[in-house]
Amino acid sequence: MRIRYRPVSLWPAAHAADARRPRSQQTKLGASDTVCARRAGYLLHGRTPTDTGEKRKAILGTWLHTGILDAAREEYGWLVERRVEDETVRGHIDAVQLDSTTAARLPKRLRPTLPAEETTVEDVKSKSTYQWDSVVRYGASEAELRQVYLYADLLGTEGFASVRGQRQLARLGPVPVARIRFRFMNRDNGDDHIQEIAYEADRARRARWWVQQVRAAASPEELPRTFQGPGISVICDHCPFRTACWGPLVAGRSPQSQLIHDDEERAKALAEYAEVSEQIKPLKDRQKLLRAKLDGSEPGVYGDNVLKWSGGNPTKVDDVGAMVSLYRRAGLAVPMAPDAAAMKATLEGAGIPVPTRLDHDRRTAVSINVTARKKP
Ligand code: SF4
């Protein structure tokens, strides 16, 4: 008998290698762990992750990241993946481009091919096409800004960490940062988008204050959930502390339902729901009108926006006639199922109610209906 050979999947190996990376094992708060206050609390208190989640996209991002930074180091002499830390927080800066005055203080082999106009801390972020429009329109998120401000502040106050492989850099002492740069890479098509901002001391202070609040909490549960929970936030959907934070998922109940404890809170949430619905309605109507006005417009660039159309293609349906022919050619019996639509039409035509039964495996969608209470 011939044994069918199946190539192994590389994903188990990729997950194992990723779990061994220093960042995956660190229990001290890293700048890249400052996405959510509650999650940072779990890490700081050494809690064991409760969920594994899907990591393939993150692993692809890490690989892309490594490749790009290696190229920047080899071709431009940038300082990449350099460690910065103090007693409360640490991290690895993706890339530092020193200005010519600071670069001149380093041995020749560590100087960049092209020094920056002003010392710049760069962070590379890989994104999907799905996130791209929001990246180009709005730039880095609050959490991404916080992370990079922490790196820049550590570099400006402590300098490069004095660890193996960067002792010469550490001898520079504190390196004030003048500019922050985000380099967004689209991992689906290779597009890149750059956002540069001048370093603001006030923003750096806010980032440090955020870390202090997390460190001051006696338990992670004291800290606010920065995101709105599984099913609403993709960050929560993939969070390794999802169950610790929101409890086990209960079928038919949103995890957020536990945020309401009594009728008073229910009344408050209902009032806000009604108010938000009222505010959204004119916007939705306006959007419908604008969509209708744009109908038939050619795709293209108009002002600051790009118009594209998708969909509108014929949908595929089962070709029963072709299937019957195939069956007949193969000498198979064509199944003769009752024609429910024709039977229904006959019964309705004769004025006889169509019998129905409840299918407990298929449920209608649960929709909320909020109306104003009648005043007595
Ligand atoms: S589940 Fe969401 S809110 Fe909770 S810790 Fe994780 S990211 Fe934060």
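Numbering of ligands and ligand atoms starts at 1, following listing order.
Scored by the side chain to side chain donor-acceptor pair (under 3.5 Å) test, R208 finds D86, D153 as partners (sequence neighbours excluded).
Of all atoms in ligand 1, listed by their number and element, those nearer than 4.0 Å to a heavy atom of R38 are 5 (S). Numbered from 1 in the order shown, with element, the atoms of ligand 1 that lie under 4.0 Å from a heavy atom of R39 read 5 (S).
Here CZ of R183 is found 8.0 Å from CD1 of I68. Values are rounded to the nearest 0.5 Å.
Among the backbone and side-chain atoms of C239, no N/O/S atom is found under 2.8 Å from atom 2 (Fe) of ligand 1.
One finds no salt bridge joining E87 and R215 here, because no Lys/Arg side-chain nitrogen approaches an Asp/Glu carboxylate oxygen to under 4.0 Å.
Ring geometry for H193 versus F184: interplanar angle under 30°, hence parallel rather than tilted (30 to 60°). Using bins of under 30°, 30° to 60° and over 60° for the plane-to-plane angle, the ring pair Y76/W78 lands in the tilted bin.
Residue C36 touches ligand 1 through its side chain alone, judged by heavy-atom distances below 4.0 Å.
For atom 4 (Fe) of ligand 1, the closest heavy atom belonging to the protein is C245 SG, 2.4 Å. When only non-hydrogen protein atoms are considered, atom 2 (Fe) of ligand 1 lies nearest to C236 SG, 2.3 Å. Ranking the protein heavy atoms by distance from atom 3 (S) of ligand 1 puts R225 CB, 3.5 Å first.
A donor-acceptor contact closer than 3.5 angstrom links the side chains of T243 and D51.
Ligand 1 lies nowhere less than 4.0 angstrom from a heavy atom belonging to F241.
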